[in-house]
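Below: the structure, in structure tokens.
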Amino acid sequence: MPELPEVETIRRDLASSIVGQEISAVKLLFLKTAKNKAAFFVGALKGHKVAEISRTGKLLILKIKSKTKTEIQNYLLIHLKMTGQLILAAGAKKIGGGHSLGGNSFADSVGGELPNKYTRAVIEFKGGTKLFFNDLRKFGYLKIVNDLELARILKAGYGPEPLTPGLSAAYLEGKLKNKKKNIKAFLLDQKIIAGLGNIYVDEALFAAGIKPMRIVASLKALEVKKLYQEINKVIKKAIASRGTTFNNYVDSAGKKGNFSRLLKVYGRGKLPCPKCRQPLIKTKLAGRGTHYCDYCQK
DNA sequence: GTGTTTGTTATCAA
DNA sequence: CTTGATAACAAACA
């Protein structure tokens with residue numbers, strides 16, 4: 001389940017390896033993964049260079065360099081949804097006389113040849129580097145949009161991000177005023193905060209000592225401030241750990257995230273609460289598995 | 001065969 | 001009209 005820290009980890013890795021590189025071929029192994037018509041999708045990428053890579057929430061945005069001044073500015077959007085992976089395989093290195101040793105880092109860390117049965121698309125670069133888009137459940141997508149469409153998507157669907165000035169305790173106070181939603185659903189809403197998902201919402205609420213089913217309008221100013229601080233803290237730590245691998249998240253080298261062992265409540269079922277040792281509770285809220293401590297969270 | 005997993009959207013109800 | 005809650009999607013595993 002890639003959330004902000006996982007997508008940011010991938011963004012940083014890709015930025016250092018494919019920015020400036022020219023796309024030589026695009027292969028679609030599952031047509032519906034590309035949200036545009038195949039011919040248009042391939043045409044918009046092939047022969048173009050990657051200008052830069054950014055991210056909004058869980059959405060990865062590759063700016064595609066236009067070939068001429070009049071050519072429209074395109075972006076490749078990549079959303080991993082639940083099970084998407086982006087794996088880079090370096091091109092065969094020319095080493096005099098030697099055989100190619102470990103050219104595929106994915107095989108080294110996870111063990112598997114690429115493409116595999118879940119590979120939905122492959123983007124190949126001139127130097128031989130290949131970017132594999134794997135997605136077991138086919139929820140993820142690739143989509144070419146122009147600058148107008150991108151602006152519209154970002155404006156309509158994404159609120160401020162953690163760790164940016166746009167997200168503040170005051171902003172949250174304004175958003176939750178008079179609202180009757182529970183805080184779990186509130187935090188999962190990308191239009192309110194971009195980038196949080198099920199794992200980090202449960203972790204932030206535990207750290208802030210707030211029960212996930214609390215109605216947002218009932219939160220005291222002090223609780224909102226604490227929540228805001230804990231959201232930033234957990235996201236910052238998770239990025240530093242290169243994300244959380246719970247099911248199948250891996251970075252662009254095929255390696256797992258290190259934050260999993262730092263999780264306090266997510267995926268811990270009825271294990272003792274790390275603070276009070278009472279058994280944690282797992283229930284369902286906002287249609288999602290929800291983990292919390294009935295004693296530590298008020 | 002059943003229930004569970006989640007990011008996002010679609011749909012329905014209040 | 002707004003808001004909120006829930007189903008649906010997809011596929012694999014216990």
Side-chain angles (χ1 to χ4, degrees), chain A residues 1-11 29-35 55-61 77-86 110 112 116-121 133-143 145 149-150 152-159 161-162 174-205 212-219 235 238 243-250 257 259-260 263 265-270 280-292:
Chain A
M1 298 143 266
E3 303 177 27
L4 191 158
E6 291 75 35
V7 179
E8 176 62 15
T9 299
I10 292 172
R11 187 197 68 78
L29 292 90
F30 178 72
L31 269 184
K32 282 168 70 180
T33 285
K35 293 296 184 184
R55 176 192 58 73
T56 294
K58 305 164 193 172
L59 186 65
L60 205 55
I61 305 166
L77 306 183
I78 305 180
H79 204 304
L80 302 172
K81 292 286 182 92
M82 289 179 62
T83 58
Q85 303 175 328
L86 282 171
V110 176
N116 63 29
K117 63 188 285 202
Y118 305 123
T119 303
R120 310 302 180 193
F133 178 78
N134 302 332
D135 187 22
L136 185 150
R137 294 193 200 170
K138 300 179 175 177
F139 272 22
Y141 64 83
L142 311 182
K143 184 177 189 183
V145 298
E149 294 166 325
L150 176 63
R152 188 170 43 77
I153 289 168
L154 295 185
K155 189 178 177 196
Y158 296 89
E161 296 215 7
K175 281 290 176 188
L176 55 74
K177 204 181 286 181
N178 300 327
K179 290 260 169 55
K180 287 171 184 158
K181 261 194 209 176
N182 61 61
I183 187 66
K184 167 110 186 188
F186 180 83
L187 294 179
L188 283 172
D189 187 344
Q190 302 299 296
K191 293 188 273 304
I192 293 174
I193 302 176
L196 298 185
N198 208 27
I199 296 175
Y200 297 112
V201 165
D202 279 7
E203 292 297 313
L205 285 171
M213 55 287 294
R214 284 277 298 280
I215 299 301
V216 292
S218 79
L219 294 188
I235 292 298
T244 302
T245 294
F246 194 75
N247 284 332
N248 75 343
Y249 163 75
V250 290
F259 195 72
S260 320
L263 294 174
V265 291
Y266 183 86
R268 299 185 64 80
K270 297 188 174 101
L280 295 170
I281 292 174
K282 173 163 183 208
T283 180
K284 193 164 230 183
L285 193 63
R288 298 290 168 253
T290 297
H291 317 70
Y292 69 101

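By convention in this document, chain letters (A, B, ...) are assigned in the order of the sequence lines, proteins followed by strands, and residues within each chain are numbered from 1.
- If you check every strand for non-hydrogen atoms under 4.0 Å, A/Lys191 touches nothing.
- Between A/Tyr141 atom OH and C/dA10 atom P the separation is 17 Å, expressed in whole Å.
- For the pair A/Lys179 and A/Phe186, the cation-pi test (distance below 6.0 Å, angle within 45°) is failed.
- Nearest nucleotide to the A/Phe139 side chain, out of C/dG4, C/dA10, C/dA11: C/dA10.
- We find the NZ-NZ distance between A/Lys58 and A/Lys81 to be 10.0 Å, quoted to the nearest 0.5 Å.
- Checked by distance alone, A/Arg137 brings a side-chain donor or acceptor within 3.5 Å of a matching partner on the base of B/dT5.
- Formation of a donor-acceptor pair under 3.5 Å by the A/Asp202 side chain with backbone atoms of A/His291 is found in this model.
- The side chain of A/Lys81 has B/dG7 as its nearest neighbour among C/dG4, B/dG7, C/dA10.
- A donor-acceptor contact shorter than 3.5 Å links the side chain of A/Glu3 to the backbone of A/Asn198.
- Between A/Lys138 and C/dA11, a side-chain N or O to OP1/OP2 separation shorter than 4.0 Å is present.
- In this structure, A/Lys181 places its NZ atom 15 Å from P of C/dT2, rounding to the nearest Å.
- Proximity note for A/Leu136 (side chain, C-beta onward) versus B/dG7, C/dG4, C/dA11: the nearest is C/dA11.
- For the pair A/Ile78 CD1 and B/dG7 P, the computed distance is 18 Å after rounding to whole Å.
- Toward the 5′ end of DNA chain C lies the nearest nucleotide of A/Ile215, the other residue of the pair A/Ile215 and A/Arg288 mapping further downstream.
- Remark: P of C/dA12 and NZ of A/Lys117 are 6 Å apart, rounded to the nearest angstrom.
- Residue A/Tyr118 is classed as a sugar-phosphate contact, given heavy-atom separations below 4.0 Å to backbone atoms only.
- With hydrogens and angles ignored, the 3.5 Å screen pairs no side-chain donor or acceptor of A/Arg152 with any backbone N or O of A/Leu154.
- Between A/Lys175 and C/dT3 there is no side-chain N or O to OP1 or OP2 distance below 4.0 Å.
- Summary of the strand contacts: A/Asn182 and A/Lys32 both lie near DNA chain C, and taking for each the nucleotide with the nearest heavy atom, the more 5' one is attributed to A/Asn182.
- Checked against C/dA5, B/dT8, C/dA10, the side chain of A/His79 finds its nearest nucleotide in B/dT8.
- Between A/Lys35 atom NZ and C/dC9 atom P the separation is 14 Å, expressed in whole Å.
- Rounding to whole angstrom units, CG of residue A/Leu60 and P of B/dG7 are separated by 17 Å.
- Not one N or O on the side chain of A/Gln85 forms a donor-acceptor pair closer than 3.5 Å with the backbone of A/Thr83.
- Note on A/Tyr266: only backbone sugar-phosphate atoms sit closer than 4.0 angstrom, heavy atoms only; bases stay farther off.
- The nearest whole Å value for the distance from the CD atom in A/Glu3 to the C1' atom in B/dG7 is 9 Å.
- Listed pair A/Lys58 / B/dT8 meets the phosphate criterion, a side-chain N or O lying under 4.0 Å from OP1 or OP2.
- For A/Gln190, whose side chain is taken as the heavy atoms from C-beta onward, the closest listed nucleotide among B/dT8, C/dG4, B/dT4 is B/dT8.
- The distance from atom CG of A/Asp135 to atom P of C/dC9 is 17 Å, rounded to the nearest whole Å.
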